[in-house]
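I have placed the structure first, in the form of structure tokens, so that the comments after it can refer back to it.
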Amino acid sequence: MTGISKEFPGVKALSDVDFRLLPGEVHALMGENGAGKSTLIKVLTGVYDIDQGQTTLDGTDVRFSGPLQAQQAGISTVYQEVNLCPNLSVAENIFIGREPRRFGMIHWSQMEKRADALLERLQLDIDVSAPLSTYSLAVQQMVAIARAIDISAKVLILDEPTSSLDASEVEQLFRVMRQLKEEGVAILFVTHFLDQVFSISDRITVLRNGRLVGEYVTRELTLIDLVGKMIGKELEVLEQLEEQPKPALAALERGQPLIEAQDLGRKGAVSPFSLTIHKGEVVGLAGLLGSGRTEVARLIYGADKADNGQLLVDGKPVAMRGPRSAMGHDIAFCSENRRTEGLIEELTVRENIILAMQAVRGWTRPIPRRRQDELVDKYIKALDIRPANPEAVVRNLSGGNQQKVLLARWLITEPQLLILDEPTRGIDIGAKAEIQRLVAALSDGGMAVLFVSAELEEVLRLSHKIAVLRDRHLIAELANDDEVDADRIMETIASGARA
Amino acid sequence: MTTLSQVRSRISWPNQKYLPVLATLSLLALMYGVGAANYEAFGDAQVVLNVFIDNGFLLVVAVGMTFVILTGGIDLSVGSVVALTTMLSASLLQDRGWPAFVVLPLVLLVGSALGFGMGCIIHYFDIQPFIVTLAGMFLARGLCYTIGTSSIPIDDPFWVSMAQSRIRFGDYFVSPSVVIALVVVLIAAFVLAYTRLGRNTYAIGGNPRSALLMGLPVARTKIAVYTISGFCSALGGVLLSFYMLSGYGLHAVGMELDAIAAVVIGGTLLTGGSGYVLGTLLGVMVLGVIQTLITFDGRLSSWWTKIVIGALLFVFILLQRVITARKR
């Protein structure tokens, strides 16, 4: 299988990307979010049409109109979330739709025999008649792979298969991948875990912003090179903005910590970490996508329940029982997904802004309309929300203005800690600058901010302190002084050492 | 690690899988035991057979409901379809004087067609089964009254013979309806365990999105289960008209709820994906034995049947909850 080239004009999700996958290799596809990894996979498996370029499989041109067709040609995909039926037996999950039959009846014993044989190839000795749900996610993943290779065994695409597995389970999966490789299967492996890429892959293709950065032999690439190639050096966004003057860090550290996380962690999300946030401090969370940035934010907010450690607010341990209790402790959280977890698009600007405040007051004490209008007007002016019409429906606002509405909603509750998860993603430069200026102003006013962003420059510009995450571990905490720059953070991510 | 989980799975999980059905079976045994201990006549095997004779139609309807609930759906229209079937049969036999061998397949076809139609709407328009079958329930019940507002007695010879004949073995007897109902149970059990349609039904109940991505015929299967439910309701209606020898728009009011109760007490998960027709059979028997017990007692009003069924439903839903929670 050689020479796949595709181009997407218009959106330019992928522009003129070459990609080749050889039999008997594990090929890692790397890139930050939005780099075009999933688009490439979807093009490869026929979910999307190709605009330009062509795919060749075993030297002949192919064009798939859907996943089923790709499957028949020998390309199967195993997705991050296991797409199997937990209530059915292991054997059934492998064979359903293609069950061996005798006299029109499903031939159970033969099906189980064949499933046993197939799983033996994957070095898995389990009771195939037991329901799938009785097994760990790793085993389920393996069963999905067994189904995939039983249908067709030329190309196997694994899309983030390890994201919910623990170390020993990952090792088990890798063993299977190595064995399939020996058997001549071409494996395309997508992951955010850098260590895993180096331990399993033979070659790496890096994408950035829909463009091919390059194809490398894993042995010849260092971790820091890879991180550099993924993030890119063109961090020119917002460079025209003047650096915000930062209050002396030492002065801030003196006060009592506002929020103190002690060994806070959640299995499968992020390993236990400790982090303190002081009043008026902006703490940046840096790390690659999937390194656990959002997970840290969600744990502190209580959106996910921690199964380890404790959280101290004003020196007192609190039990976070969810967003409501976090709001009770004056913690506000601006979600990364504006549309799905934040704004209610059908409601107006005014209604969206009032929501959180109403929630804090409880529904038995409605906010008088006049007071609503006052508050909303104030924040529309303060944040320069456009159009400056409180009755505009949020759906029709631009991304940057939607983000401001979300910000206004939380600011109105006057929180002590504001958690911003990717507040500037997908909004234009002007709005970005405004939001950054606002964060700086809030921190000057004494509000603590936990700032999560994929853009290192942005984190650097705003934060007093930067917590660096990698592979779901908090690996370093850097005071943001003159010595710290993007290279230093990248180095920290790559080396994994405490700085 | 693997061997340990393997050993564990061999020992405890098969039990787990059948746990709800076993719970229903022990409940049934307990109730029968209580009845037999308190009332001498209760120990007679004919009491059990009478439960079947009195509930054969419910059994057939509940079997159809089992298919629907296994996919994670619900069919509220069954009671009305039963009533419509009795009404249609009675009207065609009595008022029009059509022969039984024409009426019988026709009413079964009407029931299946109603189910098919609702299945299509549920699947292609992606509407919740609850609301679609609720509409079907009103529609079918309303259609009864367009045929006639009062009860129509049936004196067709075939119907009468089905109502009065008894299949005897030794001292015991059952009605032909019981045989039909049990045959339906056997066929359903076979379909669910040994055909692709059956397995696809479980797969859709387990995870509809996965079923689609695994390339299973989700559309065909979903429509099929509602058609099966429609057919079973019509057949249940025919059996009810054998039993009552009449057609009436007020027959089988609330029977959909009895059927759902029987399926749930029989251990089928309301969220779909897990359950057995055998469980449904036991569920219907539990309902029947409760009725019999209360009749034997004689002091309690028949409303106590409803109270006990309600309490049992709570218990079984909680049991389901515990089992699914432990799986996670």
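Each chain gets a letter, A, B and so on, in the order its sequence line appears, and its residues count up from 1. Reckoned from all heavy atoms, side chains included, excluding hydrogens, waters and symmetry mates.
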Task: Nearest atoms (heavy-atom pairs only) where Leu88(A) meets Tyr202(B) - done: CD2-CB, 3.5 Å
Task: Tyr194(B) atom OH, over 12 foreign heavy atoms within 6.0 Å - done: no
Open item on the list: For the CH2 atom of Trp108(A) and the CZ atom of Arg199(B), what is their distance to the nearest 0.5 Å?
Closed with: 3.5 Å
- [ ] Specify which of Ala211(B), Ser210(B), Gly273(B), Gly205(B) makes the most heavy-atom pairs with chain A at under 4.5 Å.
- [x] Ser210(B)
- [ ] State, to 0.1 Å, how close Ala203(B) and Cys85(A) come at their nearest heavy-atom pair, and which atoms those are.
- [x] O-SG, 3.2 Å
TODO: Output the option from Gly272(B), Ala193(B), Pro208(B) having the highest count of non-hydrogen pairs under 4.5 Å with chain A.
DONE: Ala193(B)
TODO: Calculate, to the nearest 0.5 Å, the distance between atoms CG and CG belonging to Asn207(B) and Asn83(A) respectively.
DONE: 7.0 Å
Task: Interface moiety of Glu99(A) toward chain B, non-hydrogen atoms closer than 4.5 Å - done: both
Open item on the list: Run Ile96(A) and Asn200(B) through side-chain contact (heavy atoms from CB on, under 4.5 Å) and show every step you take.
Closed with: CA-CA 8 Å; Ile96(A) 194 164; Asn200(B) 292 344; 3.8 Å; yes
Task: Exceeds 12 heavy-atom contacts within 6.0 angstrom, atom CZ of Phe174(A) - done: yes
Open item on the list: Given heavy-atom pairs under 4.5 angstrom as the criterion, report whether the side chain, backbone, both or neither of Arg101(A) touches chain B.
Closed with: side chain
Task: Heavy-atom neighbours of Arg220(B) CZ exceed 12 at 6.0 Å - done: no
Open item on the list: Please determine whether the number of non-hydrogen atoms from other residues, nucleotides or ligands lying under 6.0 Å from atom CZ of Phe130(B) exceeds 12.
Closed with: no
